[in-house]
Amino acid sequence: MASSVNHSDDVAVRQATIFDLEIVVPMFDAYRQFYRKPGDVDLARRFLRERFEHNQSIIFVAVREDGCGAGFTQLYPSFSSVSAAPVLILNDLFVMADARRKRVGAMLLAAAARYGRAVGAVRLTLTTEVTNASAQALYEREGWARQEDFYTYNLAIDREVDLKS
């Protein structure tokens with residue numbers, strides 16, 4: 001299913017393959033830094049390579065005419081028990097600072113939605129920081145609805161504690 005899915009001026013969005021790893025790595029590292037994690041391109045490369053090699057995620061990449069990355073989004077397949085159908089978790093969306101306000105984020109969201117329809121997903125879901133107003137505005141402009149009827153809970157897993165048990 002890897003193909004060019006959207007084109008705008010000097011940016012094309014396509015489904016990434018392992019051959020796009022070096023385009024996605026610096027953006028993934030910048031994305032993690034945006035969420036206050038230390039920069040670590042080796043970790044980014046290793047993590048993304050594993051996702052590609054094990055077919056554990058779907059990545060769409062926005063690439064400029066010069067071959068540099070402008071943004072990416074990463075989807076993880078999951079399922080809805082209630083709907084008895086597949087869903088996709090849009091876990092990551094990142095647009096390089098100099099590519100923002102140029103519809104790159106909207107193009108990536110559209111590519112993710114088209115992919116979801118193509119694979120029969122009943123919905124895409126995402127989570128964003130409460131303070132990330134610009135991302136929220138983008139999602140709402142692109143037809144995403146904020147969920148008001150469910151709460152999300154997380155349990156941090158301390159792997160060191162689990163390994164000692």
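Since the structure is predicted, the reported quantities are computational estimates derived from the model, not experimental observations.
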So, for Pro86 and Phe79, which heavy atoms are closest and what is the spacing to 0.1 Å?
CA-CD2, 3.8 Å
Within a radius of less than 6.0 Å around CZ of Arg100, do more than 12 heavy atoms belonging to other residues, nucleotides or ligands occur?
yes
Consider side chain to side chain contact (heavy atoms under 4.5 Å, CB included). Of Leu48, Asp92, Thr73, which one does Ile59 pass it with?
Leu48
Among the clusters formed by ILVMFWY side chains lying less than 4.5 Å apart, do Leu124 and Val87 turn up in the same one?
no
Could you check if a side-chain atom of Gln33 sits within less than 4.5 angstrom of a side-chain atom of Pro38, using non-hydrogen atoms only?
no
Closer than 3.5 angstrom, by distance alone: can the side chain of Asp20 be matched with the main-chain N or O of Thr17 as a donor-acceptor pair?
yes
Six-ring centre of Phe19, Arg49 cation under 6.0 angstrom, axis tolerance 45°
no
Salt bridge check: are Asp98 and Arg64 linked by an N-O gap of less than 4.0 Å?
yes
Atom CG of Leu75 and atom OG1 of Thr125: how far apart are they, to the nearest 0.5 Å?
11.5 Å
Quick one: do Phe28 and Phe47 satisfy ring-ring contact (aromatic ring centres under 6.0 Å, His included)? Show the steps, please.
CA-CA 10 Å; Phe28 186 77; Phe47 182 84; 5.5 Å; yes
Determine, for Phe34 and Arg36, whether the Lys NZ or Arg CZ falls below 6.0 Å from the six-membered ring centre while staying within 45 degrees of the axis.
no
Which pair of heavy atoms, one from Val122 and one from Ala85, lies closest together, and at what distance?
CG1-CB, 3.4 Å
If hydrophobic clusters are built by linking Ile, Leu, Val, Met, Phe, Trp and Tyr wherever their side-chain heavy atoms come under 4.5 Å apart, do Tyr31 and Val13 end up in the same one?
no
Between Phe72 and Phe94, how do the two ring planes meet: parallel, tilted or perpendicular, split at 30° and 60°?
tilted
Short side-chain to backbone donor-acceptor contact, Gln74 and Leu90, under 3.5 Å
no
